[in-house]
Amino acid sequence: MPKISVADLKKIKERVREDNSLREGSQRVKITVHMGTCGVAAGARTVMDSLMGEITEAKVTDVVVTTSGCAGMCSKEPMVTIEMLGQEPVLYGKMDANMMRQVFKRHVLLGEVQSSFAIAKG
Amino acid sequence: MIELSLHVLDIAENSTRAGAKNVYITIEEDSAGDILLLEISDDGAGMKEDMLNKVTDPFFTTKTVRNVGLGLPMLAQAAEKTGGRFSFGSKEGEGSRVAAEFRLGHIDRQPLGDMASTLVTLIAGNTDVDFIYRHRHNEKEYILDTRDVRIEIEDVPINALAVLSLIREFIQDGLREINSEA
């Protein structure tokens, strides 16, 4: 039975500790992927995988990812909310892996809201 | 749902929203018996007895944002169309248990799909909940317990991307080692 490699986790622990920005409270961006039944069925997990891949690739550490339940707009799923420090949250709808990549690269990294995918602000 | 792992994600999200501290996800593949069992149980709020027989009614939900509840009915339907069965048990104040049994080799059974992605998504979105994932394939077994992970990483948050990526790798390796066929 494979066990968690303790050595690997210890390495991660040291690496993450060096980077203080990962501590709670110092996040610049919070990204919520809506993960209700409707979101999951519409492909929210693929969007989440794409987002995590982008964050890892961009090597940014001030972005936190979380999930939420159904918001009642099931026909607009998969939905993603981007909350940047000091700005109004932006809700994106009908997302897929590629759109998530674009939103991450343009909105999260460069601050350009992708209004063609956005369905609400505030 | 196109993968059973998406059902697992959906049902386990229910557990976290019911205030569970521990969510137990169990998958058992029994080749000789032609059975694939999915079980999700939790120590969340549970349900009143009069609600129990309504959970597979698609027009019953505890949510207020919409008036349909499709998660459990879809899982029940997926299990039953393979000749399997679905069961739900819950006790108010103690927790809930969802079990779905599939015929492992049935042509209508969805593939299990990406369990690593399901677990990582659950952990990322519910940092205060522990997930105990046990996956058995005949005699071989793989276990991931986030309580063990937390002990190792000490004060590092479990939703740090580096930790999540490693957990994803652990699960992928683990399932390869037990030769999961689902």
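These values consider heavy atoms only, across backbone and side chains, with no hydrogens, waters or symmetry-generated copies.
Interface residue L166(B): only side-chain heavy atoms are found under 4.5 Å from chain A. Contact annotation for E169(B): neither backbone nor side-chain heavy atoms come within less than 4.5 Å of a heavy atom of chain A. Within the 4.5 angstrom heavy-atom criterion, only backbone atoms of S68(A) (N, CA, C, O) approach chain B. For A71(A), the part lying near chain B is the backbone, with the side chain staying farther off; criterion is any non-hydrogen pair under 4.5 Å.
Among S117(B), A162(B), A124(B), the residue with the largest count of heavy-atom pairs under 4.5 Å with chain A is S117(B). When the candidates T66(A), D49(A), T46(A) are compared by the number of heavy-atom contacts under 4.5 Å with chain B, D49(A) comes out ahead. For the set V163(B), I151(B), L122(B), T121(B), the count of heavy-atom pairs under 4.5 angstrom toward chain A peaks at T121(B). The candidate with the highest count of non-hydrogen atom pairs below 4.5 Å against chain A, out of G69(B), G125(B), G71(B), is G125(B).
The local environment of CD in Q77(B) is sparse, with at most 12 non-hydrogen atoms from other residues, nucleotides or ligands closer than 6.0 Å. Around the CD atom of E154(B), the shell of radius 6.0 Å holds more than 12 heavy atoms that belong to other residues, nucleotides or ligands. For CG of L110(A), the number of neighbouring non-hydrogen atoms (other residues, nucleotides, ligands) closer than 6.0 Å is greater than 12. Counting non-hydrogen atoms of other residues, nucleotides and ligands closer than 6.0 Å to NZ of K91(B) gives a total of 12 or fewer.
Atom-to-atom distance recorded for E54(A):CD and L161(B):CG is 11.5 Å, nearest 0.5 angstrom. K63(B) contributes atom NZ, which lies 6.5 Å from atom OG1 of T37(A) (distance to the nearest 0.5 angstrom). L9(B) CG to T67(A) OG1: the interatomic distance, rounded to the nearest 0.5 Å, is 8.0 Å. Expressed to the nearest 0.5 Å, how far OG1 of T118(B) lies from CE of M48(A) amounts to 11.0 Å. Rounding to the nearest 0.5 Å places CG of L164(B) at 9.5 Å from CD1 of I55(A). Remark: R17(B) CZ to M35(A) CE distance equals 9.5 Å, nearest 0.5 Å.
Both V29(A) and V60(A) sit in one connected hydrophobic cluster of ILVMFWY residues. Membership requires side-chain heavy atoms under 4.5 Å apart, directly or through other members. In this structure, F88(B) is a member of the same hydrophobic cluster as M1(B), with clusters built from ILVMFWY side-chain heavy atoms closer than 4.5 Å. By the rule that hydrophobic residues join a cluster once side-chain heavy atoms approach within less than 4.5 Å of another member, F117(A) and V113(A) end up as members of one cluster. Under the 4.5 Å side-chain heavy-atom criterion for Ile, Leu, Val, Met, Phe, Trp and Tyr, L119(B) and L175(B) are members of the same hydrophobic cluster. Hydrophobic clustering (ILVMFWY, side-chain heavy atoms < 4.5 Å, transitive): I82(A) and L51(A) are in one cluster.
Looking at every heavy atom in both residues, G36(A) comes nearest to D10(B) through C-OD1, 4.2 Å.
Judged by distance alone, the side chain of R45(A) and the main-chain N or O of D114(B) form a donor-acceptor pair under 3.5 Å.
M73(A) has its side chain out of reach of R66(B): every pair of non-hydrogen atoms, C-beta onward, lies at least 4.5 Å apart.
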Handout entry: V64(A)/N159(B) under side-chain contact (heavy atoms from CB on, under 4.5 Å): CA gap, chis, key distance, verdict
Key = CA-CA 8 Å; V64(A) 67; N159(B) 62 340; 3.5 Å; yes
